[in-house]
Student: 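Got a structure for you, questions after.
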Amino acid sequence: MLKRLIIASAIVIAIPAASWAGIGDIRLESKIASMKKAGVGPVVFPHDRHEKSIKCAECHPKIFKDKRGANDISMKFNMEGKFCGSPNCHNSPRTFPLYQCASCHTGVGAAK
Ligand code: HEC
Ligand code: HEC
């Protein structure tokens, strides 16, 4: 893991600052069937916005593996204080709370 982090940092440093555009949005929809039942749509995670205000190491690898689809994120885990609901994240005064479904899920309140 440490070795991977060092390699990842080396890559980031090797890219000239001007061309580092960040990772952009990541669609999280592994649990799409349950989301549909609950009347919410996929989560669009704005990776770039999080990169701007939070250090990579605050999330990787402690809270999220830095590989798309490698984290089994669910609302149960979020509410237990893991992943998005980790202390100091969407479970704290630092930012909006977990009950604001529409701030993370698309299609909230949309016709099914
Ligand atoms: C707020 C937490 C957070 C921060 C800060 C953060 N990331 Fe991520 N990152 C994530 C999440 C969540 C994913 C998606 C994981 C998934 O799909 O299961 C991700 C995915 C990734 C991926 C995989 C992308 C892909 O297309 O497979 C890489 C690489 C990555 N992050 C690197 C970084 C780097 C470098 C930084 C700092 C510049 C950073 N992350 C900052 C949460 C974060
Ligand atoms: C901080 C962001 C965030 C908020 C706020 C949020 N969710 Fe989620 N939710 C997620 C993520 C991330 C997943 C997992 C996505 C995936 O990989 O499928 C998820 C998954 C789900 C799922 C799939 C089944 C499950 O149990 O995990 C349902 C249903 C769901 N959310 C409903 C809600 C409802 C209802 C609310 C409001 C009360 C809400 N979510 C608020 C981020 C959020």
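Residue indices begin at 1 and follow the sequence shown. First listed ligand is number 1; within each ligand, the first listed atom is number 1.
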Student: With a 4.5 Å limit on heavy-atom distance, are the side chains of L98 and M75 in contact?
Tutor: yes

Student: Using a heavy-atom cut-off of under 4.0 Å, does the side chain or the backbone of C89 touch ligand 1, or both, or neither?
Tutor: neither

Student: Does only the side chain of L28 get under 4.0 Å from ligand 1, or the backbone, or both, or neither? Count heavy atoms.
Tutor: side chain

Student: Are I23 and F45 grouped together when hydrophobic residues (ILVMFWY) are joined by side-chain heavy atoms under 4.5 angstrom apart?
Tutor: yes

Student: At under 4.0 Å between heavy atoms, which part of F83 makes contact with ligand 1: side chain, backbone, both or neither?
Tutor: neither

Student: Please could you name the atoms of ligand 1 that F45 approaches to less than 4.0 Å, counting only its heavy atoms?
Tutor: 10 (C), 11 (C), 12 (C), 42 (C)

Student: Between R68 and E29, does any side-chain N to carboxylate O distance fall below 4.0 Å?
Tutor: no

Student: Could you measure the distance from the OG atom of S103 to the NE2 atom of H90? Nearest 0.5 Å is fine.
Tutor: 9.0 Å

Student: Of all the non-hydrogen atoms in the protein, which one sits nearest to atom 24 (C) of ligand 2, and at what distance?
Tutor: S34 CB, 3.5 Å

Student: Hey, what do you get for SG (C89) to CZ (F96), rounding to the nearest 0.5 Å?
Tutor: 11.0 Å

Student: Nearest to atom 2 (C) of ligand 1 by heavy atom, S86, A57, C59, G69: which?
Tutor: C59

Student: Please confirm whether N71 comes within less than 3.5 Å of ligand 1 when only nitrogen or oxygen atoms on both sides are compared.
Tutor: yes

Student: Of all the N, O or S atoms in H60, which one sits nearest to atom 8 (Fe) of ligand 1?
Tutor: NE2

Student: Identify, by atom number and element, the atoms of ligand 2 in contact range of Q100, meaning under 4.0 Å from any of its heavy atoms.
Tutor: 5 (C)

Student: Is the shortest side-chain heavy-atom distance between D72 and K31 below 4.5 Å?
Tutor: yes

Student: Go through ligand 2 atom by atom and flag the ones less than 4.0 Å from a non-hydrogen atom of A38.
Tutor: 29 (C)

Student: Kindly compute the distance separating CZ (F83) from CG (N71), expressed to the nearest 0.5 Å.
Tutor: 5.0 Å

Student: Just heavy atoms, cut-off under 4.0 Å: does E29 contact ligand 2 by side chain, backbone, both, or neither?
Tutor: backbone

Student: Answer yes or no: is there an ion pair linking R49 with D25, defined by an N-O contact shorter than 4.0 Å?
Tutor: no

Student: Can you check whether R68 has an N/O within less than 3.5 Å of an N/O in ligand 1?
Tutor: yes

Student: With a 4.5 Å limit on heavy-atom distance, are the side chains of H60 and K65 in contact?
Tutor: no

Student: Is it the side chain, the backbone, both or neither of I26 that has a heavy atom closer than 4.0 Å to ligand 1?
Tutor: side chain

Student: Could you list which atoms of ligand 2 come closer than 4.0 Å to a heavy atom of S30?
Tutor: 16 (C), 17 (O), 18 (O)

Student: I need the atoms of ligand 2 closer than 4.0 Å to a non-hydrogen atom of S74, numbered in the order shown.
Tutor: 27 (O)

Student: Please confirm whether I73 comes within less than 3.5 Å of ligand 1 when only nitrogen or oxygen atoms on both sides are compared.
Tutor: no

Student: Under a 4.0 angstrom heavy-atom cut-off, which atoms of ligand 1 come close to A70?
Tutor: 18 (O)

Student: Distance from I26 atom CD1 to H47 atom NE2, nearest 0.5 Å?
Tutor: 5.0 Å

Student: Is H47 near ligand 1, meaning one of its heavy atoms is under 4.0 Å from it?
Tutor: yes

Student: Going by the order shown, which atoms of ligand 1 are within less than 4.0 Å of some heavy atom of K55?
Tutor: 5 (C)

Student: What's within reach of atom 8 (Fe) of ligand 2, meaning protein N/O/S atoms under 2.8 Å?
Tutor: M75 SD, H105 NE2

Student: Could you tell me whether E80 and K76 have a side-chain N and a carboxylate O separated by less than 4.0 Å?
Tutor: yes

Student: Could you tell me whether the side chain of N91 and the main chain of S86 form a donor-acceptor pair under 3.5 Å?
Tutor: no

